[in-house]
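To start, the structure under review is shown below, and the notes come after it.
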Amino acid sequence: MTQARLASCIPLPLEHKVLVTVIEKAKDWALMHGVGMRDKKHFTKDAIQIAPFVLLPSPFPRTEFNKAIELQPILNELMHKVAHDDDFLEHTLQNTLQVDEFTAKLYEIWVKVKDEGITQSLSLGLFRSDYLLQYPEGNKIKQVEFNTVASSFGAISSNLPDMSRYILRQLGHGDLIKNMPENRALSGLCSGIIEAYDLFGVPSAIVLFVVEEVSYNICDQRFHEFEISEKRPDIMIYRKTLNEIFEETTLNDKKQLLLEGYPVAVVYYRSGYEPAQYPSSKEWDARLRVERSSAVKCPSIHYQLAGTKKVQQALAAPGALEQFVRAELCGRVRDIFTGLYSLDFDESGERAVDMALEDAERFVLKPQREGGGNNLYGADVRAALLRMRRARERAAYVLMERILPPTVAGYVVRPGGAVPPPVTDLVSELGIFGVIIGTRDKIYCNRQAGHMLRTKLADANEGGVAAGLGALDSPYLL
Ligand code: ADP
Ligand code: MG
Ligand code: MG
């Protein structure tokens, strides 16, 4: 069955007065429970404004939701193995490294640390696998990407279903709450940090969050700190930028990373995933120092490399998955992949270029970047490919088949937005969190850890919430 449009959980539109009242309630609920972000235009640390959210939970097929959850430990392990396969990473990234300076810098650190001898063989992964439903294929989930660094919104997404439940009750639809799945992303992710801390096994050690110069997504980050502190009052958490890490940390003779005299047990990156977060060589030096240290890194540099779009594309190539996933599971994993093509300068790369030039609307062109807003769509794909036809730069990109998700009607509530907002056509992207801790040879923990749903206007190409385009949402299982 194919369906281009899913029914909203209750019939829309709502009556004007009901809508205005319920939006006021929802906004206050959101503000009082930290469904918030800092204001980018008028930045102050004295106020939080609502994060954009969808008023009612958006529908998502139950079987596909469950499938995504069941797949998560398999995908965690896949990425863990890929990250520890030096030859695969080298072979896969070799052309990209020639033309993508950022990936090359990460890779350089990895090679350096390996040559010196790895001090900490454990890695902590707080991953998020993202999906859109593909309506031409019966609304089946298709993987958009796999995030291995700074996977965000686990915390706010854990609070949000309570708001949706409250709103449904206020609208007299409390009976529908049973279709909203529990979400324990925050506690799941934090327990990963705590387990890694305990494996480090030094009682006076601290946890270090690597943060941006300015953290707009402060609620999401702080909830992790509050949660860890509540569960484990003995663990102190520090927040430092890469620049501060450069200035304030040292390595001792045991390769412990010291901050204010304390050894760092776990380094959790909420920054460091895009070039702008390394404005000078100091930030790169800080990254190298951390990587050299005995701290457990979330992610370690090879996890970050395994999370590149290029690796995603390579895994979709025939025969690749079989190297990492047990034969009986390969089919289930391959089923969530959509067409991904290398743009290297070889026969298959040329074929991919020709195919995209013929019908650019069918594709998305992706560079090796994170954080949203970097991809090209439609006419821009064509223009970029024509421009790069013979430019080496081309190898820094992968070509991906465009997924066509079904739409659903809904209300997006934004800070400063119109009240009431109009009913609009939306599409949702599901993210499943995963936690993994392990070394090359041993996996200590591997589990799924809750979900997030992020919804954008149907006609927008991208929907990053932090980037200001998407809205936080909760799934309503059909
Ligand atoms: P990033 O790491 O920057 O988040 P993504 O691969 O997630 O990169 O792409 C950003 C956004 O672009 C996604 O959230 C999704 O909205 C859109 N997008 C990416 N790939 C596709 C695709 N194949 N089909 C449709 N939309 C896509
Ligand atoms: Mg990403
Ligand atoms: Mg993404």
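All of these numbers come straight from a predicted model, not from anything done at the bench. For ligands, and for the atoms within them, numbers begin at 1 and follow the listed sequence. Residue numbers start at 1 and run along the sequence shown.
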field: Identified salt bridge (Lys or Arg N to Asp or Glu O under 4.0 Å) partner of Lys142 from the options Glu64, Glu429, Glu137
entry: Glu137

task: Identify the heavy atoms of Pro406 and Tyr135 that sit nearest to each other, and give their distance.
output: N-CD2, 3.9 Å

task: Evaluate salt bridge (Lys or Arg N to Asp or Glu O under 4.0 Å) for Arg287 paired with Asp285, printing each intermediate quantity in order.
output: CA-CA 5 Å; Arg287 181 78 197 246; Asp285 287 351; over 6 Å; no

message: Does the residue Asn461 have a heavy-atom contact with ligand 1, meaning some pair of atoms that are separated by less than 4.0 Å?
response: yes

- prompt: For Asp130, is the nearest heavy atom under 4.0 Å from an atom of ligand 1?
  reply: no

message: Counting non-hydrogen protein atoms only, what is the nearest one to atom 26 (N) of ligand 1? Give residue, atom name and distance.
response: Leu132 CD1, 3.7 Å

- prompt: Can you tell if the side chain of Val381 reaches within under 4.5 Å of the side chain of Arg402, non-hydrogen atoms only?
  reply: no

- prompt: Nearest to atom 21 (C) of ligand 1, what protein heavy atom do you find, and at what distance?
  reply: Val364 CG2, 3.9 Å

- prompt: Is the cationic atom of Lys81 (NZ for Lys, CZ for Arg) positioned less than 6.0 Å from the six-membered ring centroid of Phe324 and within 45 degrees of its normal?
  reply: no

query: What do you reckon, does Lys456 have a nitrogen or oxygen under 3.5 Å from a nitrogen or oxygen of ligand 1?
result: yes

task: Tell me yes or no: between the side chains of Asp220 and Ser152, is some donor less than 3.5 Å from an acceptor?
output: no

message: Taking the ring centre of each residue, are Phe102 and Trp284 less than 6.0 Å apart?
response: yes

- line: Closest to atom 24 (N) of ligand 1 among protein heavy atoms sits Ile403 N, 2.8 Å

field: Mode of Tyr377 contact toward ligand 1 - side chain, backbone, both, neither (heavy atoms, under 4.0 Å)
entry: side chain

message: Counting only nitrogen or oxygen atoms and a 3.5 angstrom limit, does Glu429 reach ligand 1?
response: yes

- line: Going by the 4.0 angstrom heavy-atom rule, the piece of Lys142 near ligand 1 is neither

message: Under 2.8 Å from the Mg ion (ligand 2), which protein N, O or S atoms do you find? Ignore water molecules.
response: Glu145 OE1, Glu145 OE2, Asn147 OD1, Glu370 OE1

task: Return the residue, atom name and 0.1 Å-rounded distance of the protein heavy atom closest to atom 6 (O) of ligand 1.
output: Lys366 NZ, 2.7 Å

- prompt: Do any N/O atoms on Gly373 end up under 3.5 angstrom from N/O atoms on ligand 1?
  reply: no

- line: Taking only non-hydrogen atoms of Val144 and a 4.0 Å limit, the atoms of ligand 1 in range are 6 (O), 7 (O), 13 (C), 19 (C), 20 (N)

task: Give the single entry among Glu370, Gln368, Lys309, Met400 that approaches atom 8 (O) of ligand 1 most closely by any heavy atom.
output: Lys309

statement: Closest non-hydrogen contact found for Cys330 with Leu321 is O-CD2, 3.8 Å

message: Checking a contact table here: which protein heavy atom is nearest atom 23 (N) of ligand 1, and how many Å away?
response: Glu401 O, 2.9 Å

message: Any non-hydrogen side-chain atom of Pro13 less than 4.5 Å from a side-chain atom of Tyr411?
response: yes

- prompt: Between Trp110 and Lys114, is there a cation-pi geometry (under 6.0 Å to ring centre, at most 45° from the normal)?
  reply: yes

- prompt: Side chains of Phe146 and Val311: closer than 4.5 Å at any heavy-atom pair?
  reply: no

message: If you measure every N or O of Arg402 against every N or O of ligand 1, does any of those distances drop under 3.5 Å?
response: no

query: Can a donor-acceptor pair be found between the side chains of Ser123 and Ser300 at a distance below 3.5 Å?
result: yes

task: Consider only side-chain N and O atoms of Asn375 and Asn461, and report whether a donor and an acceptor are under 3.5 Å apart.
output: no

statement: Among non-hydrogen protein atoms, atom 3 (O) of ligand 1 lies closest to Gly372 N, 2.7 Å

query: Which protein heavy atom lies closest to atom 4 (O) of ligand 1, and at what distance to 0.1 Å?
result: Glu145 OE2, 3.0 Å

task: Starting from atom 10 (C) of ligand 1, locate the nearest protein heavy atom and write down its residue, its atom name and how far away it is, to 0.1 Å.
output: Glu462 OE1, 3.4 Å

Test ring-ring contact (aromatic ring centres under 6.0 Å, His included) applied to Phe209 and Tyr269, step by step: CA-CA 6 Å; Phe209 282 28; Tyr269 287 92; over 10 Å; no

message: Is the positively charged end of Arg351 above the ring of Tyr341, judged by distance under 6.0 angstrom from the centroid and angle within 45° of the axis?
response: no

statement: Logged contact type for Asn375 with ligand 1, heavy-atom cut-off 4.0 Å, is side chain

